[in-house]
Amino acid sequence: MSAQIGVTGLAVMGANLARNLARNGYTVALHNRSIEKTDALLSAHGDEGDFIRTETLQELVDSLEKPRRVLIMVKAGAPVDSVIGQLVPLLEPGDIVIDGGNSHFEDTRRREAALAEKDLHFVGVGVSGGEEGALLGPSIMPGGSRESYDSLGPMLEKIAAKYDGEPCCTWIGTDGAGHFVKMVHNGIEYADMQVIGEAYDLLRSAAGIEPAEQAKIFNEWNTGQLSSFLIEITAEVLGHVDARTGKPFVDVVVDSAGQKGTGRWTVVSGLDLGSPVSAIAESVFARALSSQRGQREVAQQTLQGAEAAVELPETFVEDVRQALYASKLVSYAQGIDMLNAAAKEYGWELKLDEIASLWRAGCIIRAELLDDIMKAYAGSEAPANLLFAPAFAESIAAAVPAWRRVVSVAVQLGIPVPVFSSSLAYYDGLRRKRLPAALTQGLRDLFGAHTYHRVDAEGTFHTMWGEDRAEVEAVDTH
Ligand code: NBP
């Protein structure tokens with residue numbers, strides 16, 4: 001018996017993907033650097049399907065049908081290069097090496113180019129949904145050659161999450177496209193969680209609504225426009241009571257948020273591409289600020305807080321819901337805008353409707369909204385920005401008055417809402433007829449002769465600021 005796929009790296013993600021493959025009828029060859037994990041998996045779950053136990057990479061390779069498919073699920077970074085280095089000499093042209101970990105897309109581009117020289121396919125696959133998703137059906141974002149997808153795609157589609165029967169898996173694009181899209185997914189996830197946090201803080205600190213009561217509000221919100229996995233689990237966490245103290249669970253957790261790095265990667269990449277992903281950036285910075293515990297303690301003693309007593313509008317809870325919806329929409333719009341910028345930069349033909357469709361189930365940002373986003377990009381005339389799609393232009397317009405009221409209340413009360421407010425600034429920045437960027441250009445021309453364009457004439461100009469202030473035509477140095 002030969003296996004249709006081999007998995008090397010059997011920690012939680014690799015083990016669960018291997019089980020998912022076996023449960024779906026594939027024969028799976030198993031390998032891990034240390035044999036204990038392989039044996040633990042076989043003894044606990046060996047009866048779930050057809051597995052082949054292997055002790056070395058040579059045995060793993062020998063157990064596979066051709067062209068071989070080897071899924072690497074080891075720790076991202078140097079371990080992936082190490083495993084690729086050991087695997088490549090054992091493989092033959094046409095074989096497919098798959099990296100399903102959270103690798104940086106630039107690493108994936110580098111690895112794909114190196115393996116292509118040896119006539120091997122390298123497929124960087126973004127996998128979202130955590131441990132449970134890996135086992136029961138994740139959202140899968142494969143990059144690599146189109147040819148490799150012909151061989152690998154049907155297997156991935158079979159184990160993927162399904163939305164209305166449609167697999168949440170489709171070929172994303174060449175080389176690092178799959179890992180790039182997964183990275184942006186994670187960036188949006190950061191923003192999604194931050195806006196939920198800001199809504200919670202406002203309801204608690206401005207309106208005095210306790211976590212148990214808020215759990216009911218979030219459950220209610222989960223039945224409408226905001227319906228999503230993250231809103232659902234927010235209700236669960238807010239409703240949870242700490243067994244040791246009887247306090248709301250959220251009150252016994254240290255308020256410093258961790259991060260593993262994909263949010264930061266998204267922001268760095270946004271900066272490289274000149275793509276304004278402010279909602280994601282503010283979310284990453286909010287986590288960083290939360291972790292500056294020493295400075296926060298000093299600040300509580302030394303920095304002046306807000307004094308104003310603010311009368312809340314009667315509609316405050318609904319206002320917060322609308323501000324959350326509008327800010328969330330902006331974070332998706334920015335993430336999608338960044339996908340467009342990356343497609344141009346890296347030569348990918350990203351299909352935004354398909355990407356939105358495979359985020360509808362299995363992944364952490366799964367939400368009703370994604371079905372509408374998919375539809376917004378499904379026609380031949382894709383909007384230049386998600387917010388311009390008629391359905392969203394209308395729904396965000398309806399939310400704007402409440403959004404402004406909420407940001408205004410937060411500012412007066414000294415409650416930080418970095419994503420609510422920066423998303424509103426993005427919205428206003430986009431729609432504003434004249435931006436102060438004109439003044440910025442004037443300043444840059446004065447101190448650095450960086451030149452400017454005029455609103456009323458073609459060409460590039462410079463003013464002789466240090467001389468007679470005459471305007472001259474110049475070479476564009478923007
Ligand atoms: P880990 O990231 O904890 O890695 C552990 C695995 O890597 C073990 O199998 C270990 O072998 C192996 N390994 C290491 Br460490 N160094 C190695 C090396 N030099 N050579 C060969 N094997 C090596 O596993 P995980 O938590 O299952 O995550 C796997 C990937 O999936 C990561 O990229 C992670 O970021 C990603 N991930 C994704 C999600 C998601 O929701 N999509 C969630 C969690 C993780 P050993 O047993 O011999 O030490």
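Since this is a predicted model, take the numbers as computed values, not measurements. For the single chain, residues carry numbers from 1 onward in sequence order. Remember, it's 1-based here, ligands and their atoms both numbered in the order they're listed.
Atoms of ligand 1 lying under 4.0 Å from any heavy atom of Ala76, numbered from 1 in the order shown and given with element: 33 (O). Residue Pro79 has at least one heavy-atom neighbour below 4.0 Å for each of these atoms of ligand 1: 16 (N), 17 (C), 18 (C), 19 (N). Of all atoms in ligand 1, numbered sequentially from 1 with element shown, those under 4.0 Å from a heavy atom of Val12 are 26 (O), 27 (O). Under a 4.0 Å criterion applied to the non-hydrogen atoms of Gly9, ligand 1 contributes the atoms 9 (O). Listed by number with element, the atoms of ligand 1 under 4.0 angstrom from any heavy atom of Val127 are 40 (C), 42 (N). Those atoms of ligand 1 with a heavy atom of Met73 less than 4.0 angstrom away are 29 (C), 31 (O).
Val74 CG1, 3.5 Å is the protein heavy atom nearest to atom 22 (N) of ligand 1. In this structure, atom 24 (O) of ligand 1 lies nearest to the protein heavy atom Ala11 CB, 3.4 Å. Ranking protein heavy atoms by distance to atom 16 (N) of ligand 1, first place goes to Arg33 NH1, 3.4 Å. Ranking protein heavy atoms by distance to atom 28 (O) of ligand 1, first place goes to Met13 CG, 3.8 Å. Considering only non-hydrogen protein atoms, atom 9 (O) of ligand 1 sits nearest to Asn32 OD1, 2.7 Å. Counting only heavy atoms of the protein, atom 48 (O) of ligand 1 lies nearest to Ser34 OG, 2.8 Å.
Judged by distance alone, the side chain of Ser227 and the main-chain N or O of Asn222 form a donor-acceptor pair under 3.5 Å. Between the Arg366 side chain and the Cys363 main chain, a donor and an acceptor come within less than 3.5 Å of each other. Between the side chain of Gln334 and the backbone N or O of Ala279, at least one donor-acceptor pair lies under 3.5 Å. Looking only at distances, a side-chain donor or acceptor of Arg360 sits under 3.5 Å from a matching main-chain atom of Ser357. No donor-acceptor distance shorter than 3.5 angstrom exists from the side chain of Glu282 to the backbone of Val419, with no hydrogens or angles considered. Between the Asn16 side chain and the Met13 main chain, no donor and acceptor come within less than 3.5 Å of each other.
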TODO: For Glu318 and Gln322, run side chain to side chain donor-acceptor pair (under 3.5 Å): C-alpha distance rounded to whole Å, both residues' side-chain angles, the deciding distance at 0.1 Å, then the answer.
DONE: CA-CA 6 Å; Glu318 171 58 12; Gln322 294 196 24; 2.9 Å; yes

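Between Phe180 and Met141, every side-chain heavy-atom pair lies at or beyond the 4.5 Å cut-off.
The residue Thr8 has no part lying near ligand 1, judged by heavy-atom distances below 4.0 Å. Here Lys37 has side-chain heavy atoms under 4.0 Å from ligand 1, and that is the only part of it that gets that close. Heavy atoms of Leu10 found under 4.0 angstrom from ligand 1 belong exclusively to the backbone.
Between Arg110 and Asp175 there is no salt bridge, since no side-chain N of the basic residue sits under 4.0 Å from a carboxylate O of the acidic one.
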